[in-house]
Number of protein chains: 2
Amino acid sequence: MSRRERLRAETTREITAIALKQLATEGPGGLSLRGIAREMGMTARAIYSYFATRDELVTALIRDVSTSLANALETAVHAVPAGDPGAGLLAWGEALREWALANPEGFRLIYGDAVPGYQPPEDGPADQAARRICGGLNRLVAAACPPAAASADSARAGTADWSPFPPSYVAKVRAEVPDLAPEVAALALRVWGRMHGLVGLEIHGHLRPVYTDPAALYRAELRELVRSLTTPTG
Amino acid sequence: MSRRERLRAETTREITAIALKQLATEGPGGLSLRGIAREMGMTARAIYSYFATRDELVTALIRDVSTSLANALETAVHAVPAGDPGAGLLAWGEALREWALANPEGFRLIYGDAVPGYQPPEDGPADQAARRICGGLNRLVAAACPPAAASADSARAGTADWSPFPPSYVAKVRAEVPDLAPEVAALALRVWGRMHGLVGLEIHGHLRPVYTDPAALYRAELRELVRSLTTPTG
DNA sequence: TGTCAGAAGTACACGGCGTTTCCGATTTAC
DNA sequence: GTAAATCGGAAACGCCGTGTACTTCTGACA
């Protein structure tokens, strides 16, 4: 890597770092190329040497932030004994909320629409990280969920085959978890949604005005979730 | 109401209507006083006779949209026989998703951060509607949930008293549902979160890339939710 | 019916934004 | 040592929300 490339990479990193900081301090929508340039002692034009447009910068930010989330989730799961999938799910869920609370602007960037006019590119920027996240959750749900429970669940839900999944997703998921059953994949999506719900409400400020201890509420929901997954429901 | 007042009210309505339309067509962040004024054939400054600031307009929009959501939910519940709380919950949940799909920009306005620099006033604009929404859900959960189930749930969750609820919320909720138990109120929040999760993921575009039939997924989750509420869990 | 306070609305300005065009300076590569 | 590629600055365009100053019109009251 030549000197020029090194400098370029470093400047790129500095730009994204300042962008994330501005997102965190100024709140969503506080992202501005001019603001970044000002903080770097440059003209706004200079940034266009690194990112062709503001959306491209946002795309890079989303990629970075998603990777950070995926790392946090994997770290949390790995810190738990592998033989206890229920504990793994609990750890995953708690890590999701804790990461979101520690990086609210990141959470909004991925799961809300923090940047006004942004349109993500066709192959989503967070695709690679999203695959890691989904893969990890699929593995956990598959391990935690007795086949009977998933089957009973799928019989009720009518989700016993891969047909509702886009082929690209099926390929990705099966590459990560080869023997995954479609009903478990569908169940994992619902588990994801269940965790996402309370975290999203809390991050967007709709929970604290009505409940002062969101952590307890979330923990209760997680425990109930794991219990319902690991207990055959008949 | 004098002629002047009538004209004023009509212009106010026209402003909010165009604002909502712009939000829907231009996407979040497409809201601009200048754009509204242009469409009305006025100067941007003219709008300041009706809304002192852009945030005030957004506040009015949020109030209108929240009212619309509350209406949709209440209508859906009233269309179901009162004696079947499970069916009421299903209807409520389906109505939530359907309203969100029909008014994605409204959903983002309330539950995401659709408008960049907006800071809601201390007494939230959607407060009145939020009270109706929470009240309705609390009623449904209370009716659907056998006391034993709620108690067992609260024993696990440690939510057997009103202490984690802000006093203002307790007052509002008890005014709507006088004999509500705190464990049911907490459970209702979790139910809310559970519904919100999948809907939020879908509205923000995270579900369709991985599952082509979000309606079925959501229905399965709703059914399982109602089943777990109405079935004592021991 | 005439008058006049106040409301509605315009013209213009300010600073900030993303983005573009043009151009000078610096560094790399042959 | 020179040619090419890259980096970055100055200024401009057309947006945006908002403030000031001024005109026009309306409606209530004498």
Side-chain angles (χ1 to χ4, degrees), chain A residues 1-16 18-23 25-62 109 113-121, chain B residues 1-16 18-23 25-62 109 113-121:
Chain A
M1 187 152 82
S2 75
R3 166 181 162 76
R4 196 169 238 167
E5 284 170 320
R6 228 180 326 115
L7 284 178
R8 185 180 178 82
E10 193 166 325
T11 306
T12 306
R13 254 194 306 278
E14 187 182 353
I15 292 176
T16 55
I18 293 183
L20 280 178
K21 202 183 71 184
Q22 290 207 344
L23 223 48
T25 46
E26 309 293 325
L31 189 65
S32 101
L33 296 187
R34 287 183 126 103
I36 296 169
R38 217 179 300 125
E39 186 153 344
M40 294 180 68
M42 293 196 319
T43 317
R45 174 63 186 83
I47 299 190
Y48 283 81
S49 305
Y50 300 89
F51 299 95
T53 173
R54 196 194 56 148
D55 278 18
E56 202 168 286
L57 169 59
V58 173
T59 300
L61 292 181
I62 291 182
L109 203 56
D113 13 53
V115 181
Y118 176 69
Q119 286 289 40
Chain B
M1 188 151 79
S2 76
R3 166 179 162 76
R4 201 170 237 167
E5 283 171 320
R6 228 180 325 114
L7 285 179
R8 186 181 177 82
E10 194 166 324
T11 307
T12 306
R13 254 193 306 276
E14 188 183 353
I15 292 175
T16 56
I18 294 183
L20 279 177
K21 202 183 71 182
Q22 289 208 344
L23 222 47
T25 46
E26 309 293 325
L31 189 66
S32 97
L33 295 189
R34 287 184 125 101
I36 296 170
R38 218 178 299 123
E39 187 153 344
M40 294 180 67
M42 294 197 318
T43 317
R45 186 62 186 81
I47 300 192
Y48 283 81
S49 305
Y50 299 88
F51 298 95
T53 172
R54 195 194 59 149
D55 278 17
E56 202 168 286
L57 169 59
V58 173
T59 300
L61 292 180
I62 292 183
L109 203 55
D113 13 53
V115 182
Y118 176 69
Q119 285 289 39

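Each chain gets a letter, A, B and so on, in the order the sequences are listed, and its residues count up from 1. Since this is a predicted model, take the numbers as computed values, not measurements.
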Which parts of nucleotides 19-30 of chain C does protein reach within less than 4.0 Å, heavy atoms only, written one letter per nucleotide 5' to 3' as B for base, S for sugar-phosphate only and - for none? BBB-----BS--
Please state how far atom CZ in B/Arg6 lies from atom P in C/dA7, giving the value in whole angstrom units. 18 Å
Measure the distance from CD1 on A/Ile36 to C1' on C/dC17 and round it to the nearest whole Å. 12 Å
Mind jotting down which residue pairs meet the salt bridge (charged side-chain N to carboxylate O under 4.0 Å, His left out) criterion with at least one end in residues 50-60 of chain B? Sequence neighbours excluded, please. none
If we only count heavy atoms from C-beta on, is the A/Tyr50 to A/Leu57 side-chain gap below 4.5 Å? no
Identify whether any heavy atom of A/Leu31 sits under 4.0 Å from a base atom; if not, whether one sits that close to sugar-phosphate; answer base, sugar-phosphate or nothing. sugar-phosphate
Tell me, with the steps shown, if A/Val58 and A/Phe51 meet side chain to side chain contact (heavy atoms under 4.5 Å, CB included). CA-CA 9 Å; A/Val58 173; A/Phe51 299 95; over 6 Å; no
To the nearest 0.5 Å, tell me how far B/Ile18 CD1 sits from B/Leu23 CG. 13.0 Å
Taking only N and O in the side chain of A/Arg38, is any of them less than 4.0 Å away from OP1 or OP2 of C/dG15? no
Measure from OH on B/Tyr50 to C1' on C/dA8 and round the result to the nearest Å. 6 Å
Would you give me the side-chain donor-acceptor pairs under 3.5 Å for residues 31-48 of chain A, sequence neighbours excluded?
residue : atom : partner : partner atom : Å
A/Ser32 : OG   : A/Gly35 : N            : 2.6
A/Glu39 : OE2  : A/Lys21 : NZ           : 2.4

Kindly say if B/Thr43 contacts the phosphate of C/dG9, meaning a side-chain N or O under 4.0 Å from OP1 or OP2. no
Note: chain B reaches DNA chain D at heavy-atom distances under 4.0 Å over the stretch, first to last nt, 5' to 3', of D/dC16 to D/dA28
